[in-house]
Amino acid sequence: MAPITRRMTFPKVVIERDTDSEESSSDEEEEDEAVEEEEEEEEERVESKVTEETQVGSDAKRKGKAPITISLKKVCKVCKKPGHEAGFRGATYIDCPMKPCFLCKMPGHTTMTCPHRVTTEFGVIPAPRRNTHKPLEYVFERQLRPDIPPIKPKHVIPDQVSCAVIRYHSRRITCLEFHPTKNNILLSGDKRGQVGVWDFVKVHEKVVYGNIHSCITNNMRFNPTNDCMVYSASSDGTVGCTDLETGISFSPINLNPDGWQGPGSWKMLYGMDINSEKGLVLVADNFGYLHLVDIRSNDKTGNAILIHKKGSKVTGLHCNPVQPDLLLSCGNDHFARIWDMRRIEAGSSLNDLEHRRVVNSAYFSPLSGNKILTTSQDNRLRIWDSLVGNMDSPSREIVHSHDFNRHLTPFKAEWDPKDPSESLAVIGRYISENFNGAALHPIDFIDISSGQLVAEVMDPNITTITPVNKLHPRDDILASGSSRSLFIWRPKDRSEPIEEKDERKVVVCGGADKKRNRKSGDGGDDSDDEGFISKLKKSNSKSKKPDLKLSRRK
DNA sequence: AATCGATGCTCCC
DNA sequence: TGGGAGCCCTCGAT
């Protein structure tokens with residue numbers, strides 16, 4: 001093609017573009033030269049973008065104009081170097097080889113070849129074989145029969161769970177909480193500060209409170225003495241105390257009474273837990289301080305106590321389920337700390353559990369309270385097997401992908417509250433896996449005693465990342481939250497029917513079983529749940545609060 | 001179908 | 001020890 005010549009005063013424009021070959025990752029300098037030499041032959045590809053070029057260049061050079069270089073070479077979007085490209089190839093993500101492993105953070109290999117990538121072989125296991133076991137059954141069964149031998153199937157098969165999708169929240173889900181006694185009731189908090197109350201068997205039944213918080217609801221807890229009262233901690237700096245029956249909400253704590261004075265002073269509340277023995281709500285802020293609320297008076301009690309590095313966020317609090325004097329905290333200062341509630345003051349921690357990066361969560365084990373499970377942004381779960389053992393270093397570290405925290409709710413590994421052996425944890429996974437050509441982010445069930453992946457739950461229709469997960473305290477139910485949707489997972493053959501009255505908001509996918517096949521046994525009496533939301537609605541509608549949102553358009 | 005950006009933390013100077 | 005640039009699989013809005 002003949003070069004187009006006009007505007008002779010323009011400087012030379014050098015088009016650098018990559019050759020089609022992908023293999024060269026050697027010397028950059030050489031490659032640059034090579035490309036420049038080939039320039040004239042390759043210009044046709046870019047002619048529509050740049051019309052002033054090539055032979056004009058010699059004129060421009062003579063006139064002393066510096067050449068303008070436009071690089072069209074393919075470069076890696078991660079390291080900006082040519083010769084390779086990071087990104088998806090089909091449903092598989094190819095790491096930048098110049099960076100440490102994205103999964104375990106060690107140099108020398110990529111995620112694909114990482115020895116910790118426990119599920120690498122998934123894609124090559126023939127499909128029929130994958131369906132021969134019932135691992136999810138296994139996951140739930142072992143709660144009833146902890147003595148079964150620790151030989152575990154490798155993967156949970158999505159066909160064995162049904163998943164109801166509740167699409168209501170307009171922003172990402174940030175926290176979930178099951179009702180302490182009513183089996184079908186779930187609370188969900190979101191980035192906007194809304195709190196939803198769901199009957200997930202009748203998902204169209206809902207009450208949504210939009211006026212409790214002005215931004216992120218970080219944590220919710222039911223009042224142990226009155227399960228119609230819910231406490232919630234928010235990034236708006238308040239603790240909300242909401243009466244679900246009347247819809248009336250007030251704030252026992254407001255750390256920003258003077259409103260927005262700039263980011264340096266705006267306080268946010270993250271970690272929260274309730275110590276029922278002592279009648280306290282404990283919350284912690286983003287400046288390292290612990291605050292206490294007396295449940296009886298619903299008023300602030302005592303002074304704020306510095307429990308993590310001054311100015312750093314306290315990400316979580318957990319009261320020991322057995323020993324009420326023990327408190328566990330974790331924060332952005334890379335520590336989880338154990339405290340004695342009887343004498344808690346700055347620097348008085350019993351143990352400081354060191355992590356390499358931010359600690360997203362730290363939980364005592366739910367039954368004995370004797371183990372600790374933490375989730376850290378260095379892509380590791382850490383387990384301390386006994387509080388009376390060596391606390392200097394964890395009993396185990398399990399490499400698991402969950403470090404992405406910029407635009408997602410932080411991942412938190414949660415105990416299965418029903419597992420008598422206290423060895424089962426659930427956590428969403430960040431890096432995707434190629435499942436029959438789809439890049440999916442499963443929810444992992446991990447045996448924290450062995451580090452083995454017991455199960456991975458996913459649905460081909462759910463392509464989002466699911467950082468928030470909570471296992472039901474009594475039933476075989478997993479609730480998950482992602483960018484906008486709530487998911488209710490359960491074993492297929494035991495699924496409750498899900499009503500689909502409002503298809504705009506409710507999608508049932510994964511072939512939720514319609515047949516009524518009630519599970520008997522360990523659960524509480526579901527008949528109590530009949531009409532719980534309706535009752536809330538009724539009583540709420542009687543309340544005089546005008547801004548209570550009972551429903552909301554998508 | 002591209003692009004933008006909210007957003008939190010880390011690292012580097 | 002503080003400020004600012006920049007960041008690897010987001011995701012919804014335009």
Side-chain angles (χ1 to χ4, degrees), chain A residues 49 75-81 84-107 109-112 114 117 119-120 167-174 190-193 214-216 218 235-236 262-264 266-268 270 285-288 308-316 330-335 355-361 375-379 400-412 428-435 437-444 458 462-468 480-485 554:
Chain A
K49 287 184 182 164
V75 295
C76 172
K77 66 179 178 186
V78 175
C79 69
K80 311 286 188 285
K81 293 204 170 83
H84 64 273
E85 281 183 278
F88 276 104
R89 204 158 298 166
T92 305
Y93 193 91
I94 307 296
D95 273 10
C96 170
M98 311 300 280
K99 295 272 184 168
C101 172
F102 191 50
L103 173 56
C104 74
K105 310 300 176 194
M106 304 301 281
H109 63 270
T110 63
T111 308
M112 285 296 283
C114 178
R117 186 148 194 179
T119 57
T120 313
R167 195 175 166 89
Y168 170 79
H169 287 276
S170 61
R171 290 293 182 271
R172 63 172 207 249
I173 312 297
T174 52
D190 75 12
K191 196 175 159 235
R192 282 203 167 155
S214 57
C215 62
I216 311 179
N218 288 309
S235 290
D236 64 10
W266 185 258
K267 294 197 174 73
M268 303 186 257
Y270 285 84
D285 65 24
N286 58 329
F287 286 89
H308 280 271
K309 185 181 170 185
K310 197 167 189 175
S312 77
K313 186 201 290 181
V314 181
T315 52
C330 58
N332 276 14
D333 62 355
H334 300 195
F335 280 98
H355 294 67
R356 277 205 289 282
R357 287 185 63 189
V358 167
V359 189
N360 289 348
S361 68
T375 308
S376 170
Q377 288 196 38
D378 65 356
N379 265 358
H400 179 265
S401 170
H402 54 251
D403 68 331
F404 191 79
N405 200 26
R406 192 162 140 217
H407 306 291
L408 294 173
T409 307
F411 290 86
K412 299 175 177 185
R429 198 194 305 171
Y430 172 44
I431 47 175
S432 61
E433 203 75 40
N434 183 345
F435 291 103
L440 304 177
H441 307 266
I443 300 155
D444 292 331
M458 85 296 287
I462 298 169
T463 55
T464 52
I465 294 171
T466 314
V468 186
S480 307
S482 72
S483 52
R484 287 182 75 160
S485 301
K554 180 173 161 266

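Lettering of chains follows the sequences in order, A, B, ..., and the numbering in each one begins at 1. Remember, predicted model here, so these are calculated numbers, not experimental data.
As judged by a 4.0 angstrom heavy-atom cut-off over every strand, A/Lys99 is placed among the base-contacting residues. Among the heavy atoms of the strands lying under 4.0 Å from A/Thr464 are primed sugar atoms or P, OP1, OP2 only; no base atom is included. Residue-level contact check: A/Ile431 touches the bases, meaning some heavy atom is under 4.0 Å from a base atom.
Judged by distance alone, the side chains of A/Arg429 and A/Ser401 never bring a donor and an acceptor atom under 3.5 Å apart. Counting only N and O atoms by type, the side chains of A/Thr174 and A/Asn218 include no donor and acceptor under 3.5 Å apart. A donor-acceptor contact under 3.5 angstrom links the side chains of A/Thr92 and A/Asn434, judged on distance only.
The only option from A/Ile462, A/Thr466, A/Ile465 that meets the side-chain contact (heavy atoms from CB on, under 4.5 Å) definition with A/Ile443 turns out to be A/Thr466.
Using C1' as the reference atom, B/dT10 and C/dC11 are 23 Å apart when rounded to the nearest Å. Spacing between C/dC9 and B/dC11 at atom C1', rounded to whole Å, works out to 22 Å. For the P atoms, the distance linking B/dA2 with C/dC8 amounts to 22 Å, nearest Å.
Annotation: side chain to side chain contact (heavy atoms under 4.5 Å, CB included) contacts of A/Lys309 (sequence neighbours excluded): A/Ser312, A/Asp333.
Contact check, A/Asn332 against B/dC9: a side-chain N or O comes under 4.0 Å of OP1 or OP2.
The residue among A/Ile465 and A/Cys79 whose nearest nucleotide of DNA chain C lies closer to the 5′ end is A/Cys79.
Note that the first and last nucleotides of DNA chain C, 5' to 3', having any atom under 4.0 angstrom from a heavy atom of chain A are C/dC7 to C/dA13.
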